[in-house]
Number of protein chains: 2
Amino acid sequence: MLQYQAEPLDLAFQALSDPGRRAMIERLSLGPASVSELAKPLPMTLSAVVQHLKVLEEAGLVKSEKVGRVRTCTLEIRTMTRVERWIAERKRFWEQQYDQLEAYLAQAAPKEEDK
Amino acid sequence: MLQYQAEPLDLAFQALSDPGRRAMIERLSLGPASVSELAKPLPMTLSAVVQHLKVLEEAGLVKSEKVGRVRTCTLEIRTMTRVERWIAERKRFWEQQYDQLEAYLAQAAPKEEDK
DNA sequence: TAAATACTTAAGTCAATGCTACAGTATCAA
DNA sequence: TTGATACTGTAGCATTGACTTAAGTATTTA
């Protein structure tokens, strides 16, 4: 699947496709948290959470720093924005095309209210 | 991975994580297309494209209809919007929290310009 | 200093993915 | 009716992915 050079968007969408990882992102959108805080509500071992965290960090969606024995994680909002933007752009093209159709229909058979 | 009941967002993010499938979405954002039109620019067999198409349809990102021997595919903009919204909401929470921090800092040590 | 805490790392397992090849099945066109 | 089009469907294969268990390593706390 990702045996070629994976691009940023591949990694981000892939990371967001897992409900556990999305739960972690949801928690982090409320503010920084430690690894065990992220793990607490999830039905899996700490080990698994650490692995999910790695996926999120490699996707650039989360960054973390260790102080003492606690690793604190924070959301990387810029990557979220990049993902949002990709979708917004596709929607924009779609709507443009839709507008063109409307314009065409309007000139072909103008509605009363548009005359 | 998806051995439990997969939710809509799981499927959508998963579908969007593949560059080939994103290319198909990009093409469809410009307007409807047949399966072979979608396949033409992609470095894989038609068979593979059909399989990707199935993933996109199951995620609700694309719908298609067959007329004669041609299957025409169109983008399902509403699912795109749902994905966009999930991200926008996380960003909103994040920014709220950021605003609160700013407000706190402002009352703790007001800057000249804010007095 | 001994015990608890908070991770960290490495196997190992098993299902899910992304392909290709190959063998169809309906249209449509001459 | 013969051939080309435009898919469709399935088997097989190599990778990836999402865990768990088990065995650490630093830091704090008592």
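Atoms considered below: every heavy atom in the structure, side chains included; atoms not considered: hydrogens, waters and symmetry mates. Convention: sequence-line order gives letters A, B, ...; per-chain numbering from 1.
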Contact letters for nucleotides 3-12 of chain C, in which S counts primed atoms plus P, OP1 and OP2 and B counts the base, heavy atoms under 4.0 Å | -BBSBSBB--
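Side-chain atoms of Arg71(B) do not come within 3.5 Å of backbone N or O of Ser36(B) as any donor-acceptor pair. For the pair Arg21(A) (side chain) and Ala15(A) (backbone), a donor-acceptor distance under 3.5 Å is present. Distance alone, capped at 3.5 Å, places no donor-acceptor pair between the Arg90(B) side chain and the Glu26(A) backbone.
The interatomic distance linking Asp18(A) (CG) with dA15(C) (P) rounds to 18 Å, in whole Å. Between Lys54(B) atom NZ and dC19(C) atom P there is a gap of 15 Å when expressed in whole angstrom units. If you take CG of Leu38(B) and P of dT8(D), they are 12 Å apart, rounded to a whole angstrom. Straight-line distance from the NZ atom of Lys40(B) to the C1' atom of dC7(D): 14 Å, rounded to whole Å. In this structure, CZ of Phe13(A) is placed 15 Å from P of dG18(C), rounded to the nearest angstrom. Whole-Å rounding puts the Leu56(A) CG to dG17(D) C1' distance at 14 Å. Rounded to whole Å, atom C1' of dA15(C) lies 16 Å from atom CG of Asp10(B). Going from atom CD of Gln14(A) over to atom C1' of dA18(D) covers 11 Å, rounded to whole Å.
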Do Glu84(B) and Trp86(A) pass the side-chain hydrogen bond (donor to acceptor under 3.5 Å, both in side chains) test, and can you show the C-alpha distance, the side-chain angles, and the key distance before you say yes or no?
-> CA-CA 9 Å; Glu84(B) 190 185 27; Trp86(A) 185 86; over 6 Å; no
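Close to dC19(D), at under 4.0 Å from its OP1 or OP2, lies a side-chain N or O of His52(A).
Between Gly68(A) and Met44(A), the residue whose closest nucleotide on DNA chain D is further toward the 5' end is Met44(A).
A heavy-atom distance below 4.5 Å is found between the side chains of Ile87(A) and Met80(B).
Cluster membership check: Leu53(B) does not share its hydrophobic cluster with Val70(B), using side-chain heavy-atom separations under 4.5 Å among Ile, Leu, Val, Met, Phe, Trp and Tyr.
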